[in-house]
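A note on names: the letters A, B, ... follow the listed sequences, proteins ahead of strands, and every chain is numbered from 1.
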Amino acid sequence: MEKTYQPHTIERQWYQTWEERGYFTPASTSNPDGAGKPYCMMIPPPNVTGSLHMGHGFNNTVMDTIIRYRRMKGDDTLWQMGTDHAGIATQMVVERQLALQGVSRHDLGREKFLDKVWEWKEQSGGTITRQIRRLGSSVDWSRERFTMDDGLSTAVQEAFVRLHEDGLIYRGKRLVNWDPKLHTAISDLEVENHDEKGFMWNLRYPLANGATTADGKNYLIVATTRPETMLGDSAVAVNPNDERYQSLIGKFILLPLVNRLIPIIADDYVDRDFGTGCVKITPAHDFNDYEVGKRHNLPLINVLDKNAAILATAHIFNFDGSLNTTENNSLPAAYASLDRYEARKQIVAALEAAGLLEKIDDHALKVPRGDRSGVVIEPWLTDQWYVSTKPLAEPAIAAVEDGRIQFVPKQYENMYFSWMRDIQDWCISRQLWWGHRIPAWYDASGKVYVGRNEAEVRSKHNLGADITLNQDEDVLDTWFSSGLWTFSTLGWPEQTEFLKKFHPTDLLVTGFDIIFFWVARMIMLTMHLVKHEDGTPQIPFKTVYVHGLVRDNQGQKMSKSKGNVLDPLDIVDGIDLETLVQKRITGLMNPKDAPKIEKQTRKEFPEGIQAYGTDALRFTFCSLASTGRDIKFDMGRVEGYRNFCNKIWNATRFVLQQCEDQDCAQDGATDYELSISDRWIISKLQLAEKAINEHLDTYRLDLAAQVLYAFVWDEYCSWYLELSKPIFWDPTATDSQKKGTRRTLIRVLETILRLSHPLMPFITEEIWQKIKSLAGATGETIMLTRYPEANEKKIDPVAIADVEWLQTIIVNVRKIRDDFKIEQKKTIDVFIKNGSTVDFERLQLNDRLLKKLVGLNEIHWLNKGEEAPMSATALAGQMEILVPMAGLIDKDAEIARLTKESAKLEQDIIKTETKLSNVAFVEKAPAEVVANEQARIAEHKISVEKLREQIQKINAL
RNA sequence: GGGCGGUUAGCUCAGUUGGUAGAGCAAUGCCCUUACAAGGCAUGGGUCACAAGUUCGAGUCUUGUACCGCCCACCA
């Protein structure tokens with residue numbers, strides 16, 4: 001074996017081997033009868049043309065760790081992979097590429113454009129799946145799916161049609177969030193509200209027909225952050241209880257610039273204490289005003305086009321969807337086709353010129369921006385398809401309330417409930433080309449027919465060939481298809497064997513940022529569409545493991561524009577500084593950021609990034625995966641865990657040195673002897689196994705990683721390996737003792753590998769293959785071995801106590817050596833005083849071990865009354881460990897040392913005595929706790945006494 | 001405005017039913033000792049954000065305050 005662990009040389013071939021040999025497919029595929037209980041996970045589908053980021057790395061590590069664990073537990077595991085067509089995101093990428101050639105999608109036309117997107121998908125679609133392989137993810141690639149492949153498209157159509165038949169999908173003209181750059185409607189969730197600075201314009205609206213306010217003015221003042229929408233005002237509202245305006249309710253305003261008469265109405269929506277208590281109502285351009293307008297049956301006056309520029313004439317509708325032909329739809333010609341912000345400037349100027357601008361205040365407001373385009377979203381009146389969510393939400397809420405679905409950690413259930421209980425209908429149509437075309441057809445009169453295809457529509461509605469039908473131009477929200485993910489990927493609507501066996505799935509691992517987008521909608525859609533044989537709804541998954549976001553080491557979100565993005569594969573493979581800098585500064589939205597990013601990158605990674613390997617990265621993710629919080633990604637952790645891999649690697653080298661070509665007692669013969677150390681490490685192993693199983697069962701990968709790390713490094717390597725050496729080096733050790741130790745060494749190592757495998761698949765497979773025969777293990781791969789489980793019978797309390805005793809002596813002697821700078825090479829004598837018979841027996845048993853481990857010359861046992869030469873002292877309970885001072889130890893230094901030790905104890909005595917003198921404590925605390933305190937204080941008192949005596953003796957010299 | 005989470009060693013984080021505060025990294029000292037310098041041995045370092053309460057006893061439970069972060073809603 002290499003002297004150090006070299007990840008890249010061992011990681012490459014194993015994945016290919018695993019995949020080729022079909023280890024990732026469910027056990028039932030090759031062994032229909034002998035497989036365990038089904039266990040299924042679906043990957044959150046990444047964007048098909050995307051590439052791996054740290055979030056994927058984290059998410060995949062968690063999933064793969066759990067699926068490998070379940071597989072080794074004997075479950076019939078299916079982990080299925082797929083990619084998402086990611087409507088807007090993908091279409092935007094392709095449009096941007098075309099734009100570089102000066103071509104728009106409209107130049108190409110729908111069909112040719114879609115060809116281009118498919119081309120791009122073919123070209124870049126393999127990237128993410130290749131990268132996921134590099135992470136070691138054991139997904140069943142034979143069942144890989146894509147949201148727009150045939151099967152899934154069928155499922156999407158089927159779902160749409162069924163929901164429509166059940167009255168849960170409808171089409172209507174309503175206000176939607178309109179993205180004036182992308183020219184599509186988007187759902188509420190795709191709108192991000194940003195705090196931005198703006199202004200509040202206070203406008204004077206002249207009263208018509210000579211009306212005046214109570215204080216004699218001939219106008220009302222309305223305030224707005226969107227003055228340009230005044231062109232579409234259809235009322236001014238006041239609070240019905242506002243005495244100031246009672247007499248004006250029912251009167252009219254002459255809307256400036258437009259010269260349209262609009263009524264003054266009363267509505268509870270208006271807060272009389274805010275501003276003047278008068279609100280302009282623009283039902284076609286504001287969600288609140290829309291509701292007010294609906295209550296008062298006001299006309300919806302749309303003054304914006306799809307680019308959010310002012311129309312030449314307003315489009316006026318009634319709330320029943322019909323065109324309003326009675327209202328005057330003329331608009332001032334001056335603003336026609338002006339962009340909303342230019343129009344704002346000019347309208348404000350015109351109002352000011354007319355003396356109608358009362359004042360302008362600074363105002364902080366939330367600005368709605370599209371999460372993809374970044375432009376300000378416009379509430380806009382259009383025809384869209386909606387899912388009626390309230391009826392779907394009810395059972396979906398119940399499923400979480402009654403525990404059929406559980407969130408880990410539980411606090412996310414609150415987030416889920418609060419959103420679901422106040423859910424709004426979901427706009428699912430998008431004015432895009434890339435996606436699932438809505439299965440609806442229109443005849444010449446605009447009547448709509450929904451069906452699985454045109455032929456079905458025709459036969460169902462008796463539409464002859466003479467009637468022209470046109471399919472809806474729009475596509476569905478990407479999240480509609482991903483909402484069907486758990487079952488569409490298993491073959492639904494067909495009742496496939498896989499669907500029957502693996503649905504409901506067991507676990508969903510995902511970030512909290514898509515609980516609403518994805519998790520909630522999956523629950524709603526699945527429960528409505530997929531039923532058990534008895535007709536009850538199927539849930540999509542039993543447990544939702546919610547993890548945080550991966551942030552940089554400063555806690556900042558990783559983003560291209562901040563230049564703090566880490567590519568997981570750069571941590572795996574390493575990257576030199578120049579390449580990293582180039583990677584970070586190319587393709588920036590704002591090239592001006594480049595110098596800053598370059599500087600920051602050079603500072604943070606002066607040497608680039610080393611190749612730490614997949615296992616180290618995975619272990620890092622696991623160790624940071626404490627639930628419910630974001631993780632700050634720290635490169636130091638990766639390095640530490642790379643070192644951990646190296647530790648395992650080198651421990652293996654030692655074990656092989658001792659065991660290779662030797663009898664390791666794996667032939668069933670029992671002519672071996674287990675030492676105290678052997679029995680101790682076996683005991684400790686059981687405890688570690690127990691803890692790790694528990695932590696993995698409860699999704700605490702961080703705790704599992706910690707236990708594993710501590711067991712391997714501190715107990716197996718630092719103690720057990722060291723304790724084993726004297727046995728191998730001792731010429732008087734018997735063959736059966738050596739054999740017992742070899743057996744333990746190799747078997748514990750092999751168990752460690754199996755314990756670690758779900759977290760670190762590559763290094764464990766590599767080493768396992770090297771040692772499996774020595775350890776008596778069988779099988780082609782560690783992947784399909786059984787996961788270690790604790791056997792309580794193997795826990796040996798005597799061995800544990802004995803080794804702890806040994807450790808106490810060793811640590812104390814080491815400390816004395818260290819405190820007095822006694823050279824490593826120099827052997828010393830030790831005297832043991834005031835030892836019990838148990839101490840004596842232990843000493844007899846471990847005499848040679850002790851001598852070897854701490855470089856002792858002779859260990860002298862002092863009987864009662866026997867005195868040691870003047871010594872440095874360490875206490876191990878009653879027993880005194882004495883190292884003669886002669887020539888080695890400075891008198892004053894030893895006094896200082898003992899004084900310090902004594903002071904420490906005395907402090908604790910005082911603290912404990914105070915506690916014990918409290919009558920209430922002695923009376924009310926459990927007897928055990930009190931006894932513990934008393935015992936400790938007694939022991940400490942004796943120790944202090946001994947230390948004092950010793951100080952006096954040395955002083956007397 | 002409503003809700004959730006966080007505040008523990010210099011940094012990043014654990015801390016299970018209340019019972020003497022833990023890890024990794026970093027720091028310091030000594031060691032190239034035949035698995036490993038990506039290492040070994042040892043050491044230092046914490047008023048557990050603050051305040052009050054419950055309790056014999058609070059990092060842990062209750063209430064309040066401060067600061068940080070997130071989600072949702074929003075007064076035009």
Side-chain angles (χ1 to χ4, degrees), chain A residues 1 3-5 188 193 200 222-226 237 269-271 273-282 286-289 292 363 365-366 409 411-412 414-415 417-419 422 512-513 515-516 548-549 551 553 555 610 612 616 623-624 626 628-637 639-658 694-695 698 700 702-703 705-706 709-710 713-714 717-718 721-722 725 729 810-811 814-819 821-825 854-855 908 911-912 915 918-926 928-930 932-933 936:
Chain A
M1 285 172 78
K3 206 176 165 190
T4 52
Y5 156 70
D188 297 347
N193 291 304
M200 180 80 87
V222 296
T224 180
T225 55
R226 306 260 344 247
Y269 161 71
V270 180
D271 176 357
D273 298 324
F274 187 90
T276 57
C278 301
V279 184
K280 68 191 259 314
I281 302 297
T282 323
D286 182 281
F287 289 104
N288 286 311
D289 293 4
V292 175
H363 186 71
L365 70 165
K366 293 276 189 185
Q411 79 227 22
Y412 285 108
N414 291 326
M415 208 165 120
F417 286 140
S418 66
W419 189 70
D422 188 33
F512 70 88
D513 51 327
I515 287 182
F516 304 145
L549 254 43
R551 298 171 174 277
N553 59 352
Q610 284 185 61
Y612 294 109
S623 72
L624 292 169
S626 58
R629 63 196 281 166
D630 288 352
I631 60 178
K632 288 187 200 170
F633 193 84
D634 176 12
M635 210 51 100
R637 296 287 283 250
E639 186 167 353
Y641 296 129
R642 189 275 315 265
N643 296 352
F644 180 54
C645 291
N646 190 50
K647 192 77 182 173
I648 296 175
W649 187 260
N650 278 289
T652 304
R653 291 178 58 226
F654 172 76
V655 173
L656 283 176
Q657 276 172 25
Q658 304 308 326
E694 280 170 11
H695 293 321
T698 49
R700 287 302 303 267
D702 58 328
L703 299 181
Q706 200 191 329
Y709 185 98
W713 200 304
D714 301 337
C717 292
S718 292
L721 257 44
E722 295 308 317
K725 286 174 186 174
W729 296 344
I810 292 167
V811 166
R814 275 180 188 162
K815 190 161 156 43
I816 289 173
R817 293 192 80 121
D818 201 73
D819 282 348
K821 312 268 176 274
I822 301 171
E823 272 181 77
Q824 217 89 58
K825 284 172 198 151
V854 276
D908 191 53
K911 215 169 103 188
T912 313
K915 209 175 189 179
N918 181 349
V919 182
F921 171 70
V922 181
E923 277 174 5
K924 296 195 180 174
E928 203 185 300
V929 172
V930 178
N932 257 341
E933 297 288 314
R936 200 174 76 247

Inset, instruction - Select base, sugar-phosphate, or nothing to describe what A:K825 touches, counting heavy atoms under 4.0 Å on all strands. - result: nothing

Legend entry - B:G40 versus B:A51 - spacing of their C1' atoms, nearest Å: 47 Å

Inset, instruction - Indicate, with a heavy-atom threshold strictly under 4.0 Å, whether A:M1 touches base, sugar-phosphate, or nothing. - result: nothing

Inset, instruction - State whether A:R629 places a side-chain N or O below 4.0 Å from either non-bridging phosphate oxygen (OP1 or OP2) of B:A14. - result: yes

Inset, instruction - To the nearest Å, give me how far apart CD (A:Q411) and P (B:G6) are. - result: 7 Å

Inset, instruction - Ignoring backbone atoms, test whether A:K647 places a side-chain nitrogen or oxygen under 4.0 Å from the OP1 or OP2 oxygen of B:G40. - result: yes

Inset, instruction - For A:S418, report the nucleic acid contact type (base, sugar-phosphate, nothing); a contact means any heavy atom under 4.0 Å. - result: nothing

Legend entry - For atom CZ of A:F921 and atom C1' of B:A58, their distance in whole Å: 14 Å

Inset, instruction - Mind checking side-chain hydrogen bond (donor to acceptor under 3.5 Å, both in side chains) for A:E639 and listing every partner two or more places apart, or none if nothing turns up? - result: none

Legend entry - For atom CD of A:Q824 and atom P of B:C41, their distance in whole Å: 10 Å

Inset, instruction - Please state whether the phosphate of B:G40, meaning OP1 or OP2, lies under 4.0 angstrom from any side-chain nitrogen or oxygen of A:W713. - result: yes

Legend entry - Test: A:R226 and A:D286 ion pair at under 4.0 Å: no

Legend entry - Contact list for RNA chain B against residues 273-281 of chain A - heavy-atom distance below 4.0 Å: A:F274, A:G277, A:V279

Legend entry - Nearest-angstrom distance from the residue atom OH of A:Y412 to P of B:G3: 18 Å

Inset, instruction - Select from A:K3 and A:T224 the residue whose nearest nucleotide in RNA chain B is closer to the 5' end of that strand. - result: A:K3

Inset, instruction - Identify whether any heavy atom of A:R642 sits under 4.0 Å from a base atom; if not, whether one sits that close to sugar-phosphate; answer base, sugar-phosphate or nothing. - result: base

Inset, instruction - Please work out if A:D422 contacts a base, only the sugar-phosphate, or nothing of the nucleic acid, heavy-atom cut-off 4.0 Å. - result: nothing

Legend entry - Over 12 foreign heavy atoms within 6.0 Å of CD, A:Q411: yes

Inset, instruction - Output yes when at least one side-chain N/O atom of A:T225 is less than 4.0 Å from OP1 or OP2 of B:A76, else no. - result: no

Inset, instruction - For A:E694, answer base if it contacts any base atom (sugar-phosphate contacts may also be present), sugar-phosphate if it contacts only those atoms, and nothing otherwise; contact means non-hydrogen atoms under 4.0 Å. - result: nothing

Legend entry - Base of B:A38 paired with side chain of A:Q610 (donor-acceptor, under 3.5 Å): no

Inset, instruction - In whole angstrom, give me the gap between the C1' atoms of B:A27 and B:U12. - result: 16 Å

Legend entry - Under 3.5 Å donor-acceptor pair, A:D818 side-chain atoms to B:G29 base atoms: yes

Inset, instruction - Apply ring-ring contact (aromatic ring centres under 6.0 Å, His included) to A:F654 and list each qualifying residue two or more places apart in sequence or on a separate chain. - result: none

Legend entry - For atom CD1 of A:I631 and atom C1' of B:G69, their distance in whole Å: 16 Å

Legend entry - N/O (side chain, A:H695) to phosphate O (OP1/OP2, B:U16) under 4.0 Å: no

Inset, instruction - With P as the reference atom in both, quote the distance from B:U65 to B:G3 in angstrom, rounded to an integer. - result: 12 Å

Legend entry - Spacing of the C1' atoms in B:U8 and B:C50 (rounded, Å): 14 Å

Inset, instruction - Just call it for A:N918: base, sugar-phosphate, or nothing, with non-hydrogen atoms closer than 4.0 Å on any strand. - result: sugar-phosphate

Inset, instruction - Remember a base hit wins even if backbone is also touched, and classify A:R936 as base, sugar-phosphate or nothing at under 4.0 Å, heavy atoms. - result: base

Legend entry - Euclidean distance for C1', B:U28 against B:A9 (whole angstrom): 15 Å

Inset, instruction - Could you tell me whether A:C717 contacts a base, only the sugar-phosphate backbone, or nothing, with contacts defined as non-hydrogen atoms closer than 4.0 Å? - result: base

Legend entry - Residues that A:W729 engages under ring-ring contact (aromatic ring centres under 6.0 Å, His included), provided they are two or more places apart: none

Legend entry - Distance below 4.0 Å between A:N643 side-chain N/O and B:C36 OP1 or OP2: no

Inset, instruction - With heavy atoms under 4.0 Å as the rule, sort A:V930 into base, sugar-phosphate or nothing. - result: nothing

Inset, instruction - Considering just the side-chain nitrogens and oxygens of A:R814, establish if one lies under 4.0 Å of OP1 or OP2 belonging to B:A42. - result: yes

Inset, instruction - Would you classify A:K911 as touching base, sugar-phosphate or nothing, given that sugar-phosphate means primed atoms plus P, OP1 and OP2, and contacts are heavy atoms under 4.0 Å? - result: nothing

Legend entry - Whole-angstrom distance between B:C61 and B:U55, as gauged at atom C1': 10 Å

Legend entry - Residue closer to the 5' end of RNA chain B, A:K815 versus A:D634 (nearest nucleotide): A:D634

Legend entry - Length of the line joining A:L721:CG and B:G40:C1', which is rounded to integer Å: 13 Å

Legend entry - Partners meeting side-chain hydrogen bond (donor to acceptor under 3.5 Å, both in side chains) with A:K366 (sequence neighbours left out): A:D195

Legend entry - Atom pair distance, as rounded to whole Å: CZ in A:F644 and P in B:G40: 12 Å

Inset, instruction - Only stems of 3 or more consecutive Watson-Crick or G-U pairs count here, both distances under 3.5 Å; name the ones for RNA chain B, or none. - result: B:1-7 with B:66-72, B:10-13 with B:22-25, B:27-31 with B:39-43, B:49-53 with B:61-65

Legend entry - Value in whole Å for how far the P atom of B:G5 lies from CE of A:M415: 12 Å

Inset, instruction - Considering just the side-chain nitrogens and oxygens of A:K632, establish if one lies under 4.0 Å of OP1 or OP2 belonging to B:U12. - result: yes

